[in-house]
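Note sheet for the following structure.
Sequence lines set the chain letters: A, B, ... in the order given, protein chains first and strands last, and positions in each chain run from 1.
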There are 2 protein chains.
Amino acid sequence: MTTTNPLGSAVGADDRVDNAGSAAQRERRKRILDATYDLAKDGGFDAVQMRAVAEQADVALGTLYRYFPSKIHLLVSALDQQFEDAQSRLQARDIPGDTPAERVLYVLKRLTRGMQGDPKLTEALTRAFMFADSSVASEIHAVGMSMTSIVTQAMHGGAVERDAITDDDVTLARVIGDVWLSALMAWVTGRSTAPETAAHMETAVRLILR
Amino acid sequence: MTTTNPLGSAVGADDRVDNAGSAAQRERRKRILDATYDLAKDGGFDAVQMRAVAEQADVALGTLYRYFPSKIHLLVSALDQQFEDAQSRLQARDIPGDTPAERVLYVLKRLTRGMQGDPKLTEALTRAFMFADSSVASEIHAVGMSMTSIVTQAMHGGAVERDAITDDDVTLARVIGDVWLSALMAWVTGRSTAPETAAHMETAVRLILR
DNA sequence: ACACAACCTAGAACGTGTTCCTATTATGGG
DNA sequence: CCCATAATAGGAACACGTTCTAGGTTGTGT
């Protein structure tokens, strides 16, 4: 139930893969993820073809599969990285808003706008996340952790020590994350517009953080 | 943005496809869906292979594609049928519970238990639903309607005239549906156990229908 | 009964995710 | 520096979703 990176070290949900391996390997990994973003940004899920990723990243197809055992792993890893980037950007700044609900909404709307600015990329990452099966459990778990962490931080406003976050906070954050994902999915599949997505999220968050 | 059934009539979200076409065509459609259930029940999403479905349903591959334009359409249609069956079964009975939250939880837990009794089938249907893109929007919409309808009925307890259901009810029901789907997905992908799924749903519903 | 359209069957063919194989190239220990 | 091992390149091969083609069958209006 663990995957291995090119160095053969076990990669669990809590490992930071980014720093593993030689410099050349880190660069290969980066090239692969960059190629993935590029292709996804232009053509969405379908355009992220493994042969194309390999070619654009200048690695052999087999090497790509050694780094990411499937297209879904690749895309979910890309999503996770995006979330972690977003999270550290948020950690660095103060979150406006007087109540938890206001702050959470501020953060979620910001994130959502960001993702809606790159619809194809978002479509690719979201659909991969949704399609993932149990073999991608650890990557999915990592994404869930990032998302929960983003929401709990927003609830408390700005950077916060881990101790200040209760189990109840986490529960609330998870429910909010669920709603956010569903709303994002409805938008990605064209069932709802951007304003509807925002409104739905707003309703849900005010309901949950009442 | 509409598909056509074998008779060439437009099939929107509100049509009842089940009754369209000749008797032979209705039987073919049923054989296809039955084969889909069979294969999904045994082997999940991966086992629902179009060639296998066609063979087991005793139709040509091209015919299968005429009835359902993709594997995803096929599986989402199967999911929709399950939901509609569940809904009519619920409509026929009284829902126990003194508060909306109690009744909704009763119904959701019942549904969830039912789906967890057929893990492979649930995996197949849920993953198809999650993976669907905008070309499946109308089928997905139908599923969402069924789900919302199940929840609003539960909120009101038993059968209810359409007028009694307010926009607010629908909003609440949608949020609950979102959470339910996410919880189901977490269970399907092995990220949470059945009791955890139930607990998560319980928390969320009590929070939302407070 | 006939003509015509719609539908169906059987199976080839194609695209893309995935696996596999062989030769070549780093990498690290003696 | 040399060897053993792992990693990579290059590309063939395979699986399954999907499309397409050719010919047979069914149903319908006249």
Output one line per pair: protein atom, nucleotide atom from nucleotides 25-29 of chain C, and distance, for all N/O pairs under 3.5 Å.
none

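Among residues two or more places apart in sequence or in another chain, the salt bridge (Lys or Arg N to Asp or Glu O under 4.0 Å) test is passed with A:Asp34 by A:Lys30. A search for salt bridge (Lys or Arg N to Asp or Glu O under 4.0 Å) contacts involving B:Glu202 returns B:Lys109, B:Arg206, not counting sequence neighbours. Take A:Ala47 and apply the side-chain contact (heavy atoms from CB on, under 4.5 Å) test, not counting sequence neighbours, and it matches no residue. Residues forming a salt bridge (Lys or Arg N to Asp or Glu O under 4.0 Å) with B:Glu196 (at least two apart in sequence, or on another chain): none. Listed by chain and number, the residues in a side-chain hydrogen bond (donor to acceptor under 3.5 Å, both in side chains) with A:Thr112 are A:Trp180 (sequence neighbours excluded). A search for side-chain contact (heavy atoms from CB on, under 4.5 Å) contacts involving A:Leu181 returns A:Phe129, A:Met130, A:Met147, not counting sequence neighbours. Applying the side-chain contact (heavy atoms from CB on, under 4.5 Å) criterion to A:Ala183, with sequence neighbours excluded, gives A:Thr197, A:His200, A:Met201.
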Distance-only donor-acceptor pairs under 3.5 Å for side chains of residues 167-175 of chain B, two or more places apart:
unit_1: B:Asp169; atom_1: OD1; unit_2: B:Thr166; atom_2: OG1; d: 3.3
unit_1: B:Asp169; atom_1: OD2; unit_2: B:His156; atom_2: NE2; d: 2.8
unit_1: B:Asp169; atom_1: OD2; unit_2: B:Thr166; atom_2: N; d: 3.1
unit_1: B:Asp169; atom_1: OD2; unit_2: B:Thr166; atom_2: OG1; d: 3.3
unit_1: B:Thr171; atom_1: OG1; unit_2: B:Asp167; atom_2: O; d: 3.1

Side-chain donor-acceptor contacts of residues 113-126 of chain B below 3.5 Å, not counting sequence neighbours, with atom names and distances?
unit_1: B:Thr122; atom_1: OG1; unit_2: B:Met115; atom_2: O; d: 2.5
unit_1: B:Thr122; atom_1: OG1; unit_2: B:Asp118; atom_2: O; d: 3.1
unit_1: B:Glu123; atom_1: OE1; unit_2: B:Phe45; atom_2: N; d: 2.9
unit_1: B:Glu123; atom_1: OE2; unit_2: B:Arg127; atom_2: NH1; d: 2.7
unit_1: B:Thr126; atom_1: OG1; unit_2: B:Thr122; atom_2: O; d: 2.6

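Across the protein-nucleic acid pair, B:Tyr67 atom OH and C:dT9 atom P stand 8 Å apart, rounded to whole Å. Residue B:Arg28 contributes atom CZ, which lies 14 Å from atom P of D:dT25 at whole-angstrom precision. Remark: C1' of C:dC8 and CD of B:Gln25 are 10 Å apart, rounded to the nearest angstrom. In this structure, CD of A:Glu55 is placed 13 Å from P of D:dA9, rounded to the nearest angstrom.
Side-chain N/O atoms of B:Thr63 include none lying less than 4.0 angstrom from OP1 or OP2 on C:dC8.
Screening A:Asp80, A:Leu79, A:Val76 for a side-chain contact (heavy atoms from CB on, under 4.5 Å) involving A:Glu139 leaves a single residue, A:Val76.
Not a single donor-acceptor pair under 3.5 Å links the side chain of A:Arg191 to the backbone N or O of B:Ala137.
Residues from residues 118-131 of chain B lying near DNA chain C, meaning a heavy-atom separation below 4.0 Å, are absent.
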Study note, to complete from the structure: Per-nucleotide protein contact along nucleotides 11-19 of chain C, 5' to 3', at a 4.0 Å heavy-atom cut-off (B base, S sugar-phosphate only, - neither), is --B--BBBB
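Among the nucleotides C:dT9, C:dC8, D:dT8, the one closest to the side chain of A:Arg66 is D:dT8.
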